[in-house]
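Notes to accompany the following structure.
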Amino acid sequence: MEKLLEEYRYGYQLLKKAIEGLSEEELRFKPAADKWSIHQILIHVADSELVSTQRMKKVLSEEAPLLMSFAQDAWANSLDYENLDSEQHLLLFNLLRSSMLPILAHLPAQKWERVGIYADAGPFTLKQLLEYRVEHVRGHLAQIARVREAYQQSKI
C-alpha cells in the first residue's frame with residue numbers, strides 16, 4: 001500500500017513535470033479533431049479526481065454505496081473545457097489529493113476491502129479505486145506525451 005499511496009501523492013508533481021515549459025500553443029494543440037488537447041486532458045483529470053474523491057469517501061462512509069460513472073466527453077463538451085483554466089484545475093487536483101492523503105494514510109487494512117458498487121461495472125474495493133486513480137494519471141501522462149510528440153511532428 002505504501003508504494004501505491006506514494007504514487008498517488010506525487011500525481012500532481014508528475015502532471016506538472018509533463019507540461020513543464022509548454023507554450024499555450026502546445027497546450028491547446030489537438031492531434032485530431034476528435035482528440036483532446038493537453039489543456040483539455042488536464043481539466044478532465046481534475047474533474048475525474050473530483051468525482052473519484054467523492055466515490056472513495058462514499059465507500060469509506062457508507063455500506064456498499066452505489067457509485068456512478070460519468071460521461072467524460074459530455075463533461076468536456078458541455079462544460080466548455082476550452083474556456084476553463086487548466087492551471088486552476090491542476091490546483092484543484094492537487095487539493096483533492098492532498099485532502100484524501102491523511103484519510104488514506106492511516107486506514108486499517110480491513111478498510112481497503114470496503115466495497116462500492118458501480119451500476120455499470122459491479123463491485124470495486126477501495127484499494128481498487130485507489131489503484132485506478134494511480135493508473136488514470138499514468139494513462140494521461142502517456143497521452144500527454146503522445147500529444148506533445150504529435151505537436152512536434154506537426155512542426156516538421
- [ ] Report yes or no: do Leu101 and Tyr10 belong to one cluster of Ile/Leu/Val/Met/Phe/Trp/Tyr joined by side chain heavy-atom distances under 4.5 Å?
- [x] no
Task: Worked check of side-chain contact (heavy atoms from CB on, under 4.5 Å) between His89 and Leu42 - done: CA-CA 7 Å; His89 281 77; Leu42 295 172; 5.9 Å; no
Task: Interatomic spacing from CG in Asn77 to CD in Gln40 - rounded to 0.5 Å - done: 8.0 Å
TODO: Check the surroundings of atom NZ in Lys30: do more than 12 heavy atoms from other residues, nucleotides or ligands lie under 6.0 Å from it?
DONE: yes
TODO: Mark yes when over 12 heavy atoms from residues, nucleotides or ligands other than Glu6 sit less than 6.0 Å from its CD; otherwise mark no.
DONE: yes
Task: Over 12 non-hydrogen atoms of neighbours within 6.0 angstrom of CZ in Phe70 - done: yes
TODO: Assign the ring pair Trp36 / His140 to parallel, tilted or perpendicular, where the plane angle (0 to 90°) is split at 30° and 60°.
DONE: parallel
TODO: To the nearest 0.5 Å, tell me how far Trp75 CH2 sits from Ser48 OG.
DONE: 9.0 Å
Open item on the list: Between the side chains of Glu149 and Arg146, is the shortest nitrogen-to-carboxylate-oxygen separation below 4.0 Å, so that they form an ion pair?
Closed with: no
- [ ] Working to the nearest 0.5 Å, report the span between CG of Leu15 and CG of Leu90.
- [x] 6.0 Å
Task: Note: Lys57-Glu62 ion pair, threshold 4.0 Å (strictly below) - done: no
Open item on the list: Return the CZ to OG distance between Arg9 and Ser98, rounded to the nearest 0.5 Å.
Closed with: 9.0 Å
TODO: Please step through salt bridge (charged side-chain N to carboxylate O under 4.0 Å, His left out) for the pair Arg138 and Glu135, ending with a clear verdict.
DONE: CA-CA 5 Å; Arg138 283 183 196 160; Glu135 284 298 323; 2.3 Å; yes
Task: Name of the residue among Asp47, Ile43, Ile41 meeting side chain to side chain contact (heavy atoms under 4.5 Å, CB included) with Val45 - done: Ile41
TODO: For residues Ser37 and Glu82, report the shortest heavy-atom separation together with the two atoms involved.
DONE: OG-OE2, 3.8 Å
Task: Gln110, CD atom: more than 12 neighbouring heavy atoms under 6.0 Å - done: yes
Open item on the list: Any non-hydrogen side-chain atom of Phe29 less than 4.5 Å from a side-chain atom of Val147?
Closed with: yes
Open item on the list: Quick check: closest heavy atoms across Ala64 and Ile117, and the distance to 0.1 Å?
Closed with: O-CG1, 4.1 Å
Task: Verify same cluster id: Val134, Leu104 (apolar side-chain graph, 4.5 Å) - done: yes
Open item on the list: Using the rule given for side-chain hydrogen bond (donor to acceptor under 3.5 Å, both in side chains), can you reason through Thr53 versus Arg133, listing the C-alpha separation, both sets of side-chain angles and the distance that settles it, and then say yes or no?
Closed with: CA-CA 9 Å; Thr53 298; Arg133 298 315 318 138; over 6 Å; no
Task: Between CZ on residue Arg148 and CG on residue Leu22, distance to nearest 0.5 Å - done: 4.0 Å
TODO: Please tell me if the side chains of Glu25 and Lys155 come closer than 4.5 Å, counting only heavy atoms from C-beta onward.
DONE: yes
Task: Met68 atom CE, over 12 foreign heavy atoms within 6.0 Å - done: no
TODO: Grab the two heavy atoms, one from Val137 and one from Arg97, that are nearest each other, plus how far apart they are.
DONE: CG2-NH2, 3.4 Å
TODO: Look only at the side chain of Ser78 and the backbone of Ala74, and say whether a donor-acceptor pair between them is shorter than 3.5 Å.
DONE: yes
- [ ] Verify side-chain contact (heavy atoms from CB on, under 4.5 Å) between Glu131 and Gln128, making sure each step is shown before the conclusion.
- [x] CA-CA 5 Å; Glu131 288 169 341; Gln128 288 173 313; 4.1 Å; yes
- [ ] Look at the side-chain heavy atoms of Ile, Leu, Val, Met, Phe, Trp and Tyr, link any pair under 4.5 Å apart, and say whether Val51 and Phe124 land in one connected group.
- [x] no
Open item on the list: Working to the nearest 0.5 angstrom, can you tell me the gap between Leu27 CG and Glu87 CD?
Closed with: 9.5 Å
Task: Minimal non-hydrogen separation, Val115 against Pro65, with atom names - done: O-CD, 3.4 Å
TODO: Indicate if Leu107 and Leu129 have the same hydrophobic cluster label, given that clusters are the connected sets of ILVMFWY residues with side-chain heavy-atom separations under 4.5 angstrom.
DONE: yes
Task: Between Glu49 and Ser52: side-chain donor-acceptor atoms closer than 3.5 Å - done: no
TODO: Please report the closest heavy-atom contact between Tyr8 and Leu96, naming both atoms and the distance.
DONE: OH-O, 4.4 Å
Open item on the list: Please say yes or no: joined through hydrophobic side-chain contacts below 4.5 Å, possibly via intermediate residues, are Tyr118 and Trp112 part of one cluster?
Closed with: yes
